[in-house]
Amino acid sequence: MPRPLPSKFFARSVHEVAPDLIGATLLFKGVGGVIVEVEAYHHTDQAAHSYRGRTERNAVMFGPPGKAYVYRSYGVHWCLNFVCEREGSASAVLIRALEPARGLAAMRRRRGVKNERLLCSGPGRLCQALGISGAHNGLALDRSPFKLLARTTKLKVAVGSRIGISKATKHPWRYGLAGSRYLSKPFR
DNA sequence: TATGAGATCAACT
DNA sequence: GTTGATCTCATAC
C-alpha cells in the first residue's frame, strides 16, 4: 500500500524533492493521478517568481514548506507549485503533468475534452482538471483536500531544460517519467 | 505539422 | 505599455 508523503518530505532542496515527486500520486478531493513531470524553481534563479523578492502574489513561496502555491498564468490559467526547503528560502516545484488515474469523469467534465492524454498534460490543464484555483493558494499538502502518496516502485527519472521561460533556460531543472505518454512535451 | 492570435491579470520598466 | 513558469483555436504548409 502507498503511504502518504510526510510534510518533512518537502523540507529539502528543490533539486532533491523535484525528482522524488515523479511517480508520486497527487489527489485533490479524490481526483488526480501520478505525477509524471515537474520543474524546480529557486529564489536565486532568474526564472523564478521569487527572484525579485516577496510580493503579494508569491508570498506563500516565502513561507514554510509543504504548502501549495497557486498563481494565475497569462491571465487565464492556474498553476500549482509545492513549496520546498525552509521558511524564507522561497523555492518551489511546479507540477506540470499527471497521468490521470482517479476521477476521470470529473476531469473530463471540467476540461471539456475526451482525450485522456490532454486532461492533465500541462500545468494549466491539470489545475483545471482537478478544480484547483487561487482559492487554494497556501493550503497544506498533507491535509484534505490534498492527498499525496509516495511512489511504490523505483523508476527512471529523465532530466531536461525547463519549458516556457526566457531566462535561465539552460538549467536542467525539468524532471519527468521517461517515455510517459502524459508529458506536456517529450524529453530528448 | 507548424506558426500565430487572443484571452486577460499581476508585476515590472 | 510590455512581458510572462499557458492553452486553444484558426489558418497555413
Side-chain angles (χ1 to χ4, degrees), chain A residues 10 13-19 21-22 26 28 32-33 35-63 65 67-85 89-100 106-139 141 157-177 180-188:
Chain A
F10 297 100
S13 159
V14 268
H15 302 303
E16 292 176 41
V17 176
L21 279 170
I22 303 302
L26 164 65
F28 185 79
I35 297 172
V36 294
E37 183 184 345
V38 301
E39 285 176 2
Y41 289 88
H42 189 269
H43 77 281
T44 58
D45 163 14
Q46 285 195 61
H49 286 169
S50 53
Y51 180 67
R52 270 169 252 276
R54 183 185 178 127
T55 65
E56 195 174 336
R57 176 175 69 156
N58 67 21
V60 172
M61 275 187 90
F62 287 81
K67 307 275 189 184
Y69 165 46
V70 184
Y71 69 92
R72 207 193 265 285
S73 168
Y74 289 88
V76 264
H77 305 288
W78 295 105
C79 295
L80 171 66
N81 295 252
F82 295 163
V83 178
C84 294
E85 296 192 11
S89 78
S91 62
V93 176
L94 171 67
I95 310 303
R96 289 193 54 91
L98 304 181
E99 176 177 337
M107 291 197 265
R108 272 194 257 266
R109 189 175 64 243
R110 284 193 278 247
R111 289 274 299 118
V113 298
K114 288 184 193 165
N115 190 341
E116 188 176 321
R117 214 159 149 169
L118 297 177
L119 283 181
C120 300
S121 60
R125 288 169 177 167
L126 82 86
C127 281
Q128 190 184 13
L130 270 58
I132 294 173
S133 75
H136 309 111
N137 188 33
L139 293 186
L141 297 170
V157 176
V159 178
S161 48
R162 295 175 295 178
I163 292 178
I165 54 174
S166 59
K167 295 168 206 153
T169 54
K170 291 286 165 64
H171 296 303
W173 292 344
R174 174 177 179 242
Y175 304 92
L177 180 57
S180 168
R181 296 162 46 227
Y182 299 94
L183 298 172
S184 65
K185 229 182 181 183
F187 285 84
R188 45 167 299 163

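Atoms considered below: every heavy atom in the structure, side chains included; atoms not considered: hydrogens, waters and symmetry mates. Letters go in sequence order (proteins before strands), and every chain restarts at 1. Keep in mind that this is a model prediction, so the values were computed, not measured.
Atom CG in N137(A) sits about 17 Å away from atom P in dC9(B), given to the nearest Å. The separation between H42(A) atom NE2 and dA5(C) atom P is 17 Å, rounded to whole Å. Rounded to an integer number of Å, the gap from R72(A) CZ to dA10(B) C1' is 10 Å. Atom pair Y41(A):OH and dA5(C):P shows a separation of 7 Å (rounding to whole Å applied). The distance from atom CZ of R111(A) to atom C1' of dT6(C) is 11 Å, rounded to the nearest whole Å. Per the geometry, NZ belonging to K185(A) stands 13 Å off C1' belonging to dT6(C), to the nearest Å. Atom CG in L126(A) sits roughly 13 Å away from atom C1' in dC7(C) (whole-Å rounding). Taking atom CG on N81(A) and atom C1' on dT6(C), their separation rounds to 14 Å, with Å as the unit.
Put simply, the side chain of N58(A) gets close to the backbone of G53(A): a donor and an acceptor are under 3.5 Å apart. Not one N or O on the side chain of R96(A) forms a donor-acceptor pair closer than 3.5 Å with the backbone of L183(A). Judged by distance alone, the side chain of Q128(A) and the main-chain N or O of R110(A) form a donor-acceptor pair under 3.5 Å. Although no hydrogens or angles enter the test, the distance criterion places no donor-acceptor pair under 3.5 Å between the side chain of R111(A) and the main chain of M107(A). R108(A) places a side-chain N or O within 3.5 Å of a backbone atom of K114(A) that can act as its donor or acceptor partner.
Heavy atoms from other residues, nucleotides or ligands lying under 6.0 Å from CZ of F62(A) number more than 12.
Annotation: of the two residues near DNA chain C, V113(A) and G75(A), the 5′-most nearest-nucleotide partner is G75(A).
Between the side chains of T44(A) and H42(A), at least one donor N or O lies within less than 3.5 Å of an accepting N or O. For the 3.5 Å distance criterion, the side chains of S184(A) and E37(A) qualify, holding a donor opposite an acceptor.
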Report, one line per pair, each donor and acceptor closer than 3.5 Å where one atom sits in a side chain of residues 67-78 of chain A; sequence neighbours left out.
residue: Y69(A); atom: OH; partner: H49(A); partner atom: ND1; Å: 2.9
residue: R72(A); atom: NH1; partner: V76(A); partner atom: O; Å: 3.4

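The stretch residues 93-100 of chain A touches DNA chain C through L94(A), R96(A), each having a heavy atom within less than 4.0 Å of the strand.
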Atom pairs under 3.5 Å: protein N/O with N/O of nucleotides 4-7 of chain B:
none

Between the protein and nucleotides 11-13 of chain B, list the N/O to N/O atom pairs that are separated by less than 3.5 angstrom.
residue: dA11(B); atom: OP1; partner: R57(A); partner atom: N; Å: 3.1

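dA10(B) and dT8(C) have their P atoms separated by 22 Å, with the value rounded to a whole Å. The gap from the P atom of dT3(C) to that of dG4(B) amounts to 16 Å, rounded to the nearest Å. Separating the P atom of dA5(C) from that of dA2(B) is a span of 24 Å, rounded to the nearest Å.
Considering only the side chain of S166(A), dG4(C) comes nearest among dG4(C), dA5(C), dC9(B).
Among the atoms of the strands shown, none is found under 4.0 Å from any heavy atom of S184(A). Counting any heavy atom pair closer than 4.0 Å across all strands shown, R174(A) reaches no nucleic acid atom.
In this structure E116(A) satisfies the side chain to side chain donor-acceptor pair (under 3.5 Å) test together with Y182(A), sequence neighbours excluded.
Rounded to the nearest 0.5 Å, atoms CG (L94(A)) and CG (L80(A)) are 8.0 Å apart. Rounding to the nearest 0.5 angstrom, the gap separating the CZ atom in F82(A) from the CG atom in L141(A) is 5.0 Å. Taken to the nearest 0.5 Å, the NE2 atom of H43(A) stands 7.0 Å off from the OG atom of S89(A).
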May I have the step-by-step check of side chain to side chain contact (heavy atoms under 4.5 Å, CB included) for L98(A) and L130(A), ending in yes or no? CA-CA 10 Å; L98(A) 304 181; L130(A) 270 58; 4.0 Å; yes
Begin with the C-alpha distance, continue with both residues' side-chain angles, and end with the deciding distance and a verdict on side chain to side chain contact (heavy atoms under 4.5 Å, CB included) for Y41(A) and H171(A). CA-CA 10 Å; Y41(A) 289 88; H171(A) 296 303; over 6 Å; no
Pairing annotation in dot-bracket form, given for DNA chain C with Watson-Crick or G-U pairs under 3.5 Å and | for cross-strand partners: ||||.|||||||.
